[in-house]
J.: 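One structure, as structure tokens, below. Some questions next.
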Amino acid sequence: MADADGVRGMDHRDSPPGDTDPGVAPQAGDDIVVRFAQLALELHGSESINETVETVVQFALQAVRCSHAGVALVGEQGQPEVSAVTSPIVAEDFRAQTTAADGPLVESMRSHTTVLVADTATEQRWPAWAAKARAAGVRSVLDVPLSTTAETVGVLGLYSLKPNAFGPDDEAIAHMLAMYASVAVATARNERNLTRAVDARTLVGQATGILMERYSMDEERAFAVLKRYSQHTNTKLRDVAQQLIDTRHLPE
């Protein structure tokens with residue numbers, strides 16, 4: 001069953017028995033288990049955070065009765081950042097909420113709780129946001145935090161063009177999807193941070209070697225020089241090292 005914009009997948013209640021077309025929303029029971037098993041394999045094979053969240057939002061269109069979906073991740077400064085969306089409507093809504101620091105997405109991320117807006121026409125908690133969402137054709141929103149035991153890494157946002165679109169089954173599937181996504185995003189970030197740490201150590205090692213050769217320093221003193229320049233210029237140590245490698249000079 002498709003909405004007017006033709007974006008959303010088939011309602012899993014209306015799906016023909018035994019239908020296994022990947023473009024059709026899963027039914028309850030064994031089929032949804034199979035779908036999530038396939039999702040786990042896809043997430044495991046994702047090579048980046050962007051690929052991970054893109055897989056999540058595309059799965060959401062198939063698994064939940066929604067018209068659009070999106071994922072906003074917590075950025076390095078703690079603010080939501082648009083990471084993957086299935087429609088410009090979601091991207092614009094994410095940006096508007098982030099700019100205003102108000103709305104269901106922001107609340108979900110801040111309180112680490114699920115936020116359901118049954119109908120933007122009657123929503124009273126965020127009237128300004130609700131009016132903009134309704135003007136864009138959105139009537140129902142379900143925001144589910146992507147959380148691990150340590151932190152909330154983002155929010156999965158589900159949007160429908162119909163009021164009261166999300167029932168208990170949809171919320172249960174959304175929570176399950178959020179759990180899978182949370183682990184995948186946290187793992188991808190850990191791997192990225194590890195790669196960055198290895199790269200930084202490599203750069204610092206190269207820069208230290210340059211100082212040792214040019215100024216006849218020992219390794220300990222060369223590293224101390226890099227640290228001092230990093231502190232005095234308020235520049236990350238890896239960036240100081242990179243500049244030294246590129247220019248053969250320390251920053252002024």
J.: Start with the C-alpha gap between V64 and F166, add the side-chain angles, then the distance that decides, and say whether side chain to side chain contact (heavy atoms under 4.5 Å, CB included) holds.
T.: CA-CA 8 Å; V64 187; F166 302 115; 4.2 Å; yes

J.: Determine the minimum heavy-atom distance between T114 and E171, stating which atoms define it.
T.: CG2-OE1, 4.4 Å

J.: Side chains of H112 and S147: is there a donor and an acceptor less than 3.5 Å apart?
T.: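 S147 and H112 do not have a side-chain donor-acceptor pair below 3.5 Å.
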
J.: Taking the side chain as everything from C-beta on, heavy atoms only, tell me whether V141 gets closer than 4.5 Å to L158.
T.: no

J.: Grab the two heavy atoms, one from Y159 and one from Q97, that are nearest each other, plus how far apart they are.
T.: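 Of all heavy-atom pairs spanning Y159 and Q97, the closest is OH-NE2, 4.1 Å.
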
J.: Is there a donor-acceptor pair under 3.5 Å between the side chain of S160 and the backbone N or O of C66?
T.: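 Absent.
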
J.: So does L161 get a backbone contact from the side chain of S67, meaning a donor-acceptor N/O pair under 3.5 Å?
T.: yes

J.: What are the two closest heavy atoms between A69 and V57, and how far apart are they?
T.: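 Looking at all heavy atoms of both residues, the shortest contact is CB-O, 4.0 Å.
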
J.: Under a 3.5 Å distance rule, please check whether T235 uses its side chain to pair with a backbone N or O of V240 as donor and acceptor.
T.: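 Answer holds: no.
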
J.: Once rounded to the nearest 0.5 Å, what's the spacing between atom OG of S140 and atom CD of E123?
T.: 10.5 Å

J.: Rounded to the nearest 0.5 Å, how far apart are CG of L146 and CE of M109?
T.: 8.0 Å

J.: Below 4.5 Å, heavy atoms only, C-beta onward: do I210 and I245 meet side chain to side chain?
T.: yes

J.: With heavy-atom distances below 4.5 Å as the criterion, would you say the side chains of V153 and V74 are in contact?
T.: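 In short, these two side chains do not touch, never coming nearer than 4.5 Å.
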
J.: Taking a hydrophobic cluster as the set of Ile, Leu, Val, Met, Phe, Trp and Tyr residues connected by side-chain heavy atoms closer than 4.5 Å, whether directly or through intermediates, do V106 and V144 fall within one such cluster?
T.: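 No.
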
J.: Name each donor-acceptor pair under 3.5 Å that joins a side chain in residues 213-224 to protein atoms two or more places apart or in another chain, with its distance.
T.:
unit_1: R214; atom_1: NH1; unit_2: R248; atom_2: O; d: 2.5
unit_1: D218; atom_1: OD1; unit_2: E220; atom_2: N; d: 3.4
unit_1: D218; atom_1: OD1; unit_2: R221; atom_2: N; d: 2.8

J.: Okay, side chain of D246, backbone of Q243: is any donor-acceptor separation there less than 3.5 Å?
T.: no

J.: Does T120 use its side chain to pair, donor to acceptor, with the backbone of V138 at less than 3.5 Å?
T.: yes

J.: Hydrophobic clusters here meaning ILVMFWY residues chained together by side-chain heavy-atom distances under 4.5 Å, can you tell me if L237 and M212 are in one?
T.: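 Shared cluster, no.
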
J.: Please round to the nearest 0.5 Å and tell me the distance separating atom CD of Q62 and atom CG of L177.
T.: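 Answer rounded to 0.5 Å: 11.0 Å.
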
J.: Any idea which heavy atoms bring P104 and V115 closest together, and the distance?
T.: CB-CG1, 3.7 Å

J.: Measuring from atom CG of L116 to atom CG of D143, what distance do you get when rounded to the nearest 0.5 angstrom?
T.: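 It is 9.5 Å, given to the nearest 0.5 Å.
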
J.: Kindly say whether L226 contributes a backbone atom to a donor-acceptor pair with the side chain of S230 at under 3.5 angstrom?
T.: no

J.: Please step through side chain to side chain contact (heavy atoms under 4.5 Å, CB included) for the pair L61 and T86, ending with a clear verdict.
T.: CA-CA 9 Å; L61 289 182; T86 63; 3.7 Å; yes

J.: Return the minimal non-hydrogen interatomic distance between A174 and L156, and the atom names on each side.
T.: O-CD2, 4.1 Å

J.: Between H68 and S87, what is the shortest heavy-atom contact and its length?
T.: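 What the structure gives for the nearest pair is ND1-CB, 3.3 Å.
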
J.: Between the side chains of Q58 and E54, is a donor N or O closer than 3.5 angstrom to an acceptor N or O?
T.: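 Looking only at side-chain atoms, E54 and Q58 do form a donor-acceptor pair, the distance falling under 3.5 Å.
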
J.: Keeping to residues at least two apart or across chains, list the side-chain hydrogen bond (donor to acceptor under 3.5 Å, both in side chains) pairs with something in residues 128-139.
T.: D93-W129, D119-R139

J.: Could you grab the distance from atom CZ of R201 to atom CD of Q206, nearest 0.5 Å is fine?
T.: 13.5 Å

